[in-house]
Amino acid sequence: MTVRVRIAPSPTGNLHIGTARTAVFNWLYARRHGGQFILRIEDTDQERSKPEYTQNILKGLQWLGLNFDEGPFFQTQRLERYQAAVQQLLDHGHAYYCYVSEAELETLREAQKARGEAPRYDNRHRNLTPEQRAEFEAQGRRPVIRFKIEEPQEISWRDLVRGSVTWNSRDLGGDLVIARSAEAGVPGQPLYNLAVVVDDIDMGITQVIRGEDHVGNTPKQILLYQALGAKLPEFAHTPLILNAEGRKLSKRDGVTSISDFQALGFLPEALLNYMVLLGWSPPDAEELFTLSKAASQFDFERVNSAGARFDWTRLDWINSQYLHALAPAELADRLIPVWQAAGYGLDPVAERAWLEGIAALVGPSLARLPEAVAMASYLFVPEVELDAEAVAQLQQPGAQAALRALSESLAEFPELSAEAAGAWINRVTKAQGVKKGLVMRSLRAALTGAVHGPDLLQSAALLHQRGWLMQRLQQHLAPSAV
RNA sequence: GGCCCGUUCGUCUAGAGGCCUAGGACGCCGCCCUCUCACGGCGGUAGCACGAGUUCGAAUCUCGUACGGGCUACCA
């Protein structure tokens, strides 16, 4: 049987990293087994679902390169299917109308709590007579539809991640609401557990791969599969991504959506690599891998069952590794939009070589793309302001003389490559009889406005290419200094 | 409260009874490289939650305890 898996986000928020990680596991599993990966948008909560969230989810998956083979399917376009399933359950005596009001349920739960019992629906409307139903209808009460959960009974499954999991139906909270009460003229909307099961059956899903927070839904869904006479899929409940406090990562934790990570300057391949590592480990113990390599090795045997804390430091390291491995041309492609967004005037076509030079210069120091803005700022403006340390450097004994000598001998190096810049500095060092460090630190301060930064020789060469080198040198030559 | 699940360096993890004097990676610390900051290289630091049991032998199996998490809607 061919593998068919799915990711089923609800468009009630941006694509969350937890959802994306589940998507990756599904995608990897599908690729590993030559199966299909399906996208389904679970938008039955019409109050909270928004089209812009659907767009965000689609964009996020695309950015990550998690292409799906079928879909997106929308649950709101499948309402007849759910109604048919509900009707089937009703017809077969697996479901019934329940008229208990929310207030009555609340009272019930409070009483149970007061007695120290677990809150649950007591199935009180399971066997209503036609007269009782008529009475409630006459009162104008709108029923929900509940699915009968026979108690007690053991429900267990072999989870691909956690092994055998067993549940007793007594702990499921009583008969399950599968359709909301109808509004005037509008039939009751189907609820999550019903819709999921109907969809997974219709779409021929063979493995349900989802987060651990869904384990409690699984026994309910298994019962629904059985009542609908369908074959059970396999289940895999993956560990959760945790925040620094060890709790499930939620929107409240700040940066959690894929679009946020994109905006922060992470590369999709790095983020993917990191997400996969949060719970799965490759058999060869290599930390850095491509998705397609992971797909050739992916296996639930190697998925952890414990939750994993999200670690920014490690993500940064992985991102830096990907950034450092990029060729200057590729890096420039990613950096140019970032520089443009920062307001640097540049011509991506005419200045291509120069821009690639900058990319090559800052590349090895980068952990996130936007760092290249501040790091290369002195290469995008004709004049720089000195920071306090740079000012101090230029006041060092001999600094001004060195700069003067540098500017005077610059003409001897018309094609100032990084290598030639080295010769240039050596010549001045010798002529001045000072330490090379003094010359270089002073030159750095004058050219970049700071005492720390990327490689000085390359910087000088780049500034020279741009035609700013001499000007930059003289900008910081105090007329009175000797 | 109830149910389910989990627990190896600070963090992510390897480990399926002897290969473990518990391995790798991030971080951190030190050294090297170096005009600087990074990068890179080398080295160091640090862990099997606890207690019983099974066994010749347990990080690995069993039970209990503790701690942590998830779920407990007419949300998904």
Side-chain angles (χ1 to χ4, degrees), chain A residues 8-13 42-45 47-49 75 98 100-102 105 109 112-113 115-121 142-146 159 161-163 165-168 170-173 176-182 188-189 191-193 195-196 211-219 237 239-240 242 244-248 274 277-283 285-288 301-302 304-318 320 324 362-367 371 375 389 393 425 435-445 448 450-457:
Chain A
S10 69
T12 54
E42 307 211 324
D43 55 352
T44 53
D45 185 342
E47 289 286 305
R48 297 194 300 146
S49 295
Q75 290 191 323
C98 169
V100 179
S101 69
E102 291 201 44
L105 282 174
R109 283 192 275 257
Q112 288 165 331
K113 242 182 139 183
R115 274 178 269 134
E117 294 170 9
R120 69 193 316 283
Y121 172 61
R142 297 288 179 182
V144 299
I145 297 171
R146 286 186 185 265
D159 198 281
V161 173
R162 339 190 77 78
V165 181
T166 303
W167 221 281
N168 193 301
R170 279 179 308 212
D171 301 316
L172 261 22
L176 176 72
V177 179
I178 52 175
R180 289 174 146 140
S181 54
Q189 302 294 316
L191 255 10
Y192 172 71
N193 279 298
V196 165
E212 188 192 350
D213 47 351
H214 283 288
V215 274
N217 286 320
T218 303
H237 289 94
L240 264 17
L242 276 19
E245 286 73 49
R247 295 176 176 277
K248 180 168 78 164
Y274 179 66
L277 236 23
L278 236 34
W280 180 76
S281 60
E286 291 296 330
E287 340 264 349
L288 269 16
E301 296 273 299
R302 301 192 66 83
N304 251 346
S305 46
R309 287 178 205 234
F310 188 88
D311 182 357
W312 283 97
T313 313
R314 194 168 166 81
L315 206 213
D316 273 333
W317 177 75
I318 290 179
S320 74
H324 300 169
V362 299
S365 307
L366 249 32
E371 292 167 356
M375 207 176 278
E389 289 177 305
Q393 175 59 40
I425 289 165
K435 292 202 168 181
K436 188 175 174 184
L438 172 76
V439 178
M440 293 195 70
R441 285 194 299 273
S442 303
L443 181 60
R444 171 179 293 287
T448 73
V451 298
H452 303 305
D455 184 82
L456 182 58
L457 302 183

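Per chain, numbering begins at 1; letters A, B, ... match sequence-line order. The figures here come from the full heavy-atom set of this structure, side chains too, leaving out hydrogens, waters and symmetry mates.
Taking side-chain N and O atoms only, Arg247(A) has a distance below 4.0 Å to OP1 or OP2 of rG70(B). In terms of phosphate contacts, Lys113(A) brings no side-chain nitrogen or oxygen within less than 4.0 Å of OP1 or OP2 of rG2(B). Contact annotation: Arg180(A) side-chain N/O to rC75(B) OP1/OP2 distance is under 4.0 Å. The side chain of Asn193(A) places no N or O atom within less than 4.0 Å of a non-bridging phosphate oxygen (OP1 or OP2) of rA73(B). OP1 or OP2 of rU13(B) lies within a sub-4.0 Å distance of a side-chain N or O belonging to Asn304(A). Between Thr44(A) and rA76(B) there is a side-chain N or O to OP1 or OP2 distance below 4.0 Å. The phosphate of rG15(B) has OP1 or OP2 within less than 4.0 Å of a side-chain N or O from Arg302(A). Phosphate proximity of rA76(B) to Thr12(A): absent, as no side-chain N or O sits under 4.0 Å from OP1 or OP2.
Take Arg48(A) and apply the salt bridge (charged side-chain N to carboxylate O under 4.0 Å, His left out) test, not counting sequence neighbours, and it matches Asp45(A). Applying the salt bridge (charged side-chain N to carboxylate O under 4.0 Å, His left out) rule to Arg180(A) yields no partners; only residues at least two apart in sequence or on another chain are considered.
Taking the charged nitrogens against the carboxylate oxygens, Glu117(A) and Arg115(A) do have a contact shorter than 4.0 Å, which makes a salt bridge. A salt bridge links Arg162(A) with Glu212(A): the closest approach of a Lys/Arg side-chain nitrogen to an acidic carboxylate oxygen falls below 4.0 angstrom.
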Under 4.0 Å protein heavy-atom contacts per nucleotide of nucleotides 30-35 of chain B, with B for base, S for backbone only and - for none: -----B
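Closest-nucleotide positions on RNA chain B for Pro282(A) and Glu287(A) were compared, and the one nearer the 5' end corresponds to Pro282(A). Of the two residues contacting RNA chain B, namely Ala8(A) and Ser305(A), the nearest-nucleotide position lying further toward the 5' end is that of Ser305(A).
Rounded to whole Å, the separation between the P atoms of rC4(B) and rA22(B) comes to 36 Å. Taking atom P in both rA59(B) and rG27(B), the straight-line distance is 31 Å, to the nearest Å. Rounded to a whole angstrom, the distance from the C1' atom of rU34(B) to that of rG40(B) is 11 Å. Look at the C1' atom in both rG47(B) and rU54(B): the space between them is 26 Å, to the nearest Å.
Arg309(A) comes within 4.0 angstrom of sugar-phosphate atoms only, judged by non-hydrogen atoms across all strands, and of no base.
For Arg109(A), the listed nucleotide lying nearest its side chain is rC74(B); candidates were rC74(B), rU36(B), rA76(B).
Whole-Å rounding puts the Asp43(A) CG to rC75(B) P distance at 14 Å. The CG-P distance, from Leu315(A) to rG27(B), rounds to 12 Å in whole Å.
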